[in-house]
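Here the structure is laid out as structure tokens; the discussion comes afterwards.
Chain letters run A, B, ... following the sequence lines, proteins first, then strands; residues in each count from 1.
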Amino acid sequence: MNNTNIILVLVVLTNLKLLGSSRLGASIRVVAMQGVVLGLLPILAHTNELSVRFAVLAAGTIALKGIVFPWFLFRAVWEAEVTREVEPYVGYVTSLLAGVLILAVSFWMCERLPMPETLASSWLAPVAFFSIFAGLFLIVSRKRAVSQVLGFLVLENGVYAFGVGLAPHTSLLVEAGVLLDVFVAVFVMGITIFHINREFDHIETNRLNTLKD
Amino acid sequence: MGLLFAMAILLLGAMAVLALSRPDRNVSWLGAGSVVIASVLGCVPVIQVLSGGSIEAVRVPWPVPYGEFFLVLDPLAAWFLFPTLLLSALSAIYGVGYLRVWQGRRSLGPVWFFYCVLVLGMMLVLLARNAVLFLFAWELMAVASFFLVTFEYEREAVREAGWIYFVATHLGTAFLLVFFLLTARETGSMDFTVWAEKGIQTRGLADILFLLAIVGFGTKAGFMPFHVWLPEAHPAAPSHVSALMSGVMIKTGIYGLLRSLTFLGLPPLWWGWLLIGIGLTSGVLGVLFALAQHDLKRLLAYHSVENIGIIALGIGVGLLGVSTGSPVLMVVGFGGGLLHVLNHALFKGLLFFGAGAVLQGTGTHEIDHLGGLLKRMPWTAATFLIGAVAISGLPPLNGFVSEFLIFLGAFQGGATLGAAGAVPLLALIAGLALIGGLAAACFTKAFGVVFLGEPRTEHASHTHETGWAMRLPMLLLAAGCALIGLFAPFVVGALQAVLENTTGLRREVVRVNLAAAAGPLALVVIGTVAFLLLLVALFLLRRGLLAGRRVEQGVTWGCGYVQPTARMQYTASSFVQPVTTLFRWLLGTHRRLQRPEGIMPANASLTTETPDLCHGNLYRPGFLKVNWGLSQLRRLQRGPVQLYVLYIAVTLIVLLAWKFR
Amino acid sequence: MKPESFIPLLLALMLSPLLPGVINRTKALFAGRRGPPLLQIYFDLWKLLHKGAVYSRTTTWIFRAGPMLGLAAVLTAAMLVPLGNFPALIAFPADFLLFAGLLGLMRFFTVLAALDTGSSFEGMGASREVFFSALAEPALLVALATLARQAGSYSLSTLLGQVAGGHWLHLGPVLALVMIALMIVLLAENARIPVDDPNTHLELTMIHEVMVLDHGGPDFAFIVYGAALKLWLLAALVVGMVVPATGAPGLDLALVMGGMFAVAVVVGVVESVMARLRLAMVPQLLVGAGALAAAAFLLGLK
């Protein structure tokens, strides 16, 4: 139980760090760390029913979220070779405060939602919601395409954490499906970013608006 | 009844100054004298009621429809009357000195007339128990203060400020009118006592009434975003009037809110949240905008918004206590808010007096033009310093005591309540701590730049200390700030009657909870005494150490630069630059920068200006739209008489059709 | 008032100048230098107390009163902070508010004394000092609110002991967050890296050191001693959270003193491995500390 809580606190910390950090590279590393930490979640959350299933899931998650995705993203940043700043619409300090607000709202919501009894930790649902909302916030509030991919990953991490916490009830198939989705998404986005760069020499999504005609 | 007598004296004094007023005659002592006598007379019953004496009431028929001349002096009214009377008297004495420069240039009769009427209006507002009488008094207060604000009506800016105030206060009154009409319809009476007995039983209506009261009374009190008139009106008014308006007149809004809470029955949880939200917004934004100002009186006006926010936080804690059934929170929250009403009256009055003395001595309230005034105005500086420490909520002065109570409530609620109560209180703790820190930043700026260092311009280098008429009120208020800090447990004990009155808790419950709050304060006082003793010891130690050694005078170390000038000193704008940069998205500070150019740069300048957020972005566009909409109506007015007759005929027909439908 | 409640005050008075010594030694060790003696601050104080003074003609009584007021405030604050299992001399509900208020008072007058000199360098330091401490204060109080909620008590002397005594087992992560937040506050309030660099001799980059540039003699001794005390008191808060009561006073004392010096070593290590942050980044760090404390509060709600 306690191990799960430590992991969840680390997830909260990584999300806050992500909201407050200005460097793309640092952000990618933080998301990678979050992926690794979350990869350990299935093993630690269900210690009493340790099985190959969980081990495989953990290994797959760590490999994908901790290594493959970050590698892709780093490549995208290197290829793009523009400034390494996140370029936010909303300042870092404000983002941090917004993060705390989101956390409070998540706790408040989860107090109201009916939750299954068997959750691995009482923090699991709020932290999962926090990740989802923090991911959405990142997507909305950052200019760079890479940041938006990161936001998407954080969002998915939230869904994943919730799914793993519920694992005995839900089929892991769902999880695998989500992972696959994300993989495809990152792949596509990575390629897109790369191409945006090739065509326009910058990767700021707000400038894509000019393409609409 | 002493208060009726006091009001009669005020009325007589007002008539007398108007009758005797002539440009060459000094009527100041007459006006101020009647205010002081009225205050002393009024204070007797006020203190009696506060110390647990019987509640006094007067009922006289009044020929106005639904109106009745019905006055009651209960503890809540008495608690607000006390600072009102005190500050009115001190401001009057100060005003005698402050207005002396106008002697001979201007007839001072009208200003003293309106001053007396304003004091009378405030007393009536606090005492009235009939809705019509209350609104009458409310208007009396608004109109009198409008004429006081526009004292220097020759100046365009002052007239503009006056109109903003006039419009804002009447918009607030419009909300109050609806509030009173709805309450009267529900209860079938115009009597506050009946309203309090019956209470509003319909939940939805109570919610609407609460919101109406927040807007209506909040406009007078200066809640963000209804505060726009404060930073305009306070700098425009003569300083003793600013002190009175900022110190006590805006508190009538708080009084009105507390009074209406007694009509509205059990508050739901969100009322407390709303007040905490308003308090945090007003507090944090108020102090941020204060930081960005470099007009001393405008800065102080924004601090009034901040302190009203702190009072709202206290009331919010109290409301959360009512909703969650926690007497501790009720007593500590309402108690902290009410005590801050008194404290703010003291230190804000003091600070406006200080600002007035600076204005009179130097002719400017532009902070960046001042500097080094401590050497020339030692008394003003010392008292201003006490006010600055007090308003920053630092021990051992009174500001700390009331903030301590509010914090105490927040910590206790934060530790015991469920998430719905604890999370807002956590926000309160963080917010109030930030407000305190930023207020300290703002007042180190204000005091440091105005009174310390070297004079920055000619304005500041030829000034003189003020006369005794202005100095005495400042000294008394400074003493008040220190005494409340030193006798905090007793002052908190004096809240007993007013808290019974406000919360409706039993005497014993209030007493026990007040004692629980006074206990820590007693130890705070012990800490304060220890601090003062240590200070004396260190003073003696330092004197002993330096005795017989070489103590030299030199120039300030300029880090190697040999030709420093006074203009190189840090200014108010540069002092707050880190904050204004961090919050620039909120403050919207305009910068006009002329860079130094060329090999021998000659002219370079930087001007910053931080206009009000709501004034520029919310009200001005809104009013322009309204103005445009109303100007469309002009099309109706074409000129030919036939058309007007047609209007009348159409109206008649429509009305008849409506009647016989 | 028990006799052992004098222990925290006495130890603070006697040993606080040792902490900067330990920090400097740690830094010297990292840099491969021998470093100043551990007792260097005592020597400095002794020397300063025996000097005369030079005052700028611009200054007024504020400049002379600043160091006295500051030291008196922090000495009073020292009566409020417990040391491990030893309660403070004065303890009452929400005594940390007085503690924070006294530190605020100390800062207020240090800043005014700096502005009194009319030097733009000192104005610069003063401006940064008030700004950063305004952001550090919410973090401190939110952290304490979290601890108060977990311990169910409001006095430093009881809540720290209760937290250290039993809550780490089931609330480890929450308390760890609070501790990180408190450490950041400690670094910021005491003008250490990564917020301020106590060692540079470039006035433009400093905060605390530049504010006291014009002070000398006994006045400066008061300031140096006050700064050491402040560091000691904030370190005592952090240590108090961790070191549990064993029941044996001797062992308690040893543990707590070990903890205090451990904090000093940690500060020294941080100073050795980190660079000072850009000034524009400092607000982020401090708001981050507040965010950590608030997150801890929320996580501790359940």
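- With respect to chain C, the highest number of heavy-atom pairs below 4.5 Å among G437(B), G453(B), A388(B) belongs to G453(B).
- Ranked by heavy-atom pairs under 4.5 Å with chain B, the first of L140(C), D214(C), V111(C) is D214(C).
- Heavy-atom distances place the side chain of I62(C), and not its backbone, under 4.5 Å from chain B.
- Interface residue L546(B): only side-chain heavy atoms are found under 4.5 Å from chain C.
- Contact of D95(C) with chain B is not made at all, since no heavy-atom distance falls under 4.5 Å.
- For P93(C), the parts lying under 4.5 angstrom from a heavy atom of chain B are both the backbone and the side chain.
- Interface residue T416(B): backbone and side-chain heavy atoms are both found under 4.5 Å from chain C.
- Contacts between M68(C) and chain B at a heavy-atom distance below 4.5 Å involve backbone atoms as well as side-chain atoms.
- At a 4.5 Å heavy-atom cutoff, the contact between L417(B) and chain C is made by backbone atoms alone.
- The part of F96(C) that comes within reach of chain B is its side chain, from C-beta onward, which places non-hydrogen atoms under 4.5 angstrom from that chain.
- Within the 4.5 angstrom heavy-atom criterion, atoms from both the backbone and the side chain of L434(B) approach chain C.
- Interface remark: R107(C) contributes no atoms to any contact with chain B (heavy atom separation under 4.5 Å).
- A donor and an acceptor atom, one from each side chain of T380(B) and E465(B), are located under 3.5 Å apart.
- Looking at L545(B) and L541(B), their side chains come closer than 4.5 Å, going by heavy atoms from C-beta outward.
- Remark: side-chain polar atoms of S157(C) are not paired, donor with acceptor, to backbone N or O of A91(C) under 3.5 angstrom.
- Only the side chain of L374(B) comes within contact range of chain C, with at least one heavy atom under 4.5 Å from a heavy atom of that chain.
- A donor atom on one side chain and an acceptor atom on the other are not found under 3.5 Å apart for D116(C) and T58(C).
- Using a 4.5 Å cut-off between heavy atoms, F411(B) contacts chain C through both its backbone and its side chain.
- When G118(C), A100(C), S127(C) are compared by the number of non-hydrogen pairs under 4.5 Å with chain B, S127(C) comes out ahead.
- Rounding to the nearest 0.5 angstrom, the gap separating the OH atom in Y154(C) from the CG atom in L144(C) is 13.5 Å.
- Across S56(C), G52(C), A294(C), the residue that shares the most heavy-atom pairs under 4.5 angstrom with chain B is S56(C).
- Only the side chain of F222(C) comes within contact range of chain B, judged by heavy atoms closer than 4.5 Å.
- Both the backbone and the side chain of T444(B) come within less than 4.5 Å of a heavy atom of chain C.
- Comparing E137(C), Q150(C), E129(C), R57(C) by heavy-atom pairs within less than 4.5 Å of chain B, the highest count is held by R57(C).
- For T59(C), the part lying near chain B is the backbone, with the side chain staying farther off; criterion is any non-hydrogen pair under 4.5 Å.
- For the options L408(B), L438(B), L432(B), L582(B), heavy-atom pairs under 4.5 Å to chain C are most numerous at L582(B).
- For the residue pair T571(B) and H294(B), no side-chain donor N or O sits within less than 3.5 Å of a side-chain acceptor on the partner.
- Heavy-atom distances place no part of A65(C) under 4.5 Å from chain B, backbone and side chain included.
- With a 4.5 Å cut-off on non-hydrogen atoms, I435(B) does not touch chain C at all.
- Your options are L97(C), T146(C), L141(C), and the one with the most heavy-atom pairs under 4.5 Å with chain B is L97(C).
- Of the atoms belonging to T117(C), heavy atoms from both backbone and side chain fall under 4.5 Å from chain B.
- Put simply, the side chain of N343(B) gets close to the backbone of N398(B): a donor and an acceptor are under 3.5 Å apart.
- Nearest approach of L373(B) to A460(B), heavy atoms of both residues: CD2-O, 3.5 Å.
- Neither the backbone nor the side chain of L425(B) comes within contact range of chain C; no heavy atom of the residue lies under 4.5 Å from a heavy atom of that chain.
- Using modelled atom types, no side-chain atom of R567(B) and backbone atom of R456(B) make a donor-acceptor pair closer than 3.5 Å.
- Within the 4.5 Å cutoff, no side-chain heavy atoms of P578(B) are placed close to those of L279(C).
- Heavy-atom distances place no part of F63(C) under 4.5 Å from chain B, backbone and side chain included.
- Of the listed residues (T581(B), L535(B), I429(B)), the greatest number of heavy-atom pairs within a distance under 4.5 Å of chain C belongs to L535(B).
- Interface check for chain B: of the options A126(C), A148(C), P67(C), the most heavy-atom pairs under 4.5 Å are formed by A126(C).
- Contact of Q412(B) with chain C is made through backbone and side chain together, with heavy-atom distances under 4.5 Å.
- Remark: the backbone N or O of P396(B) is not paired with any side-chain donor or acceptor of T528(B) at under 3.5 angstrom.
- Contact tally against chain C (heavy-atom pairs below 4.5 Å) for K445(B), Q577(B), Q569(B): the top residue is Q569(B).
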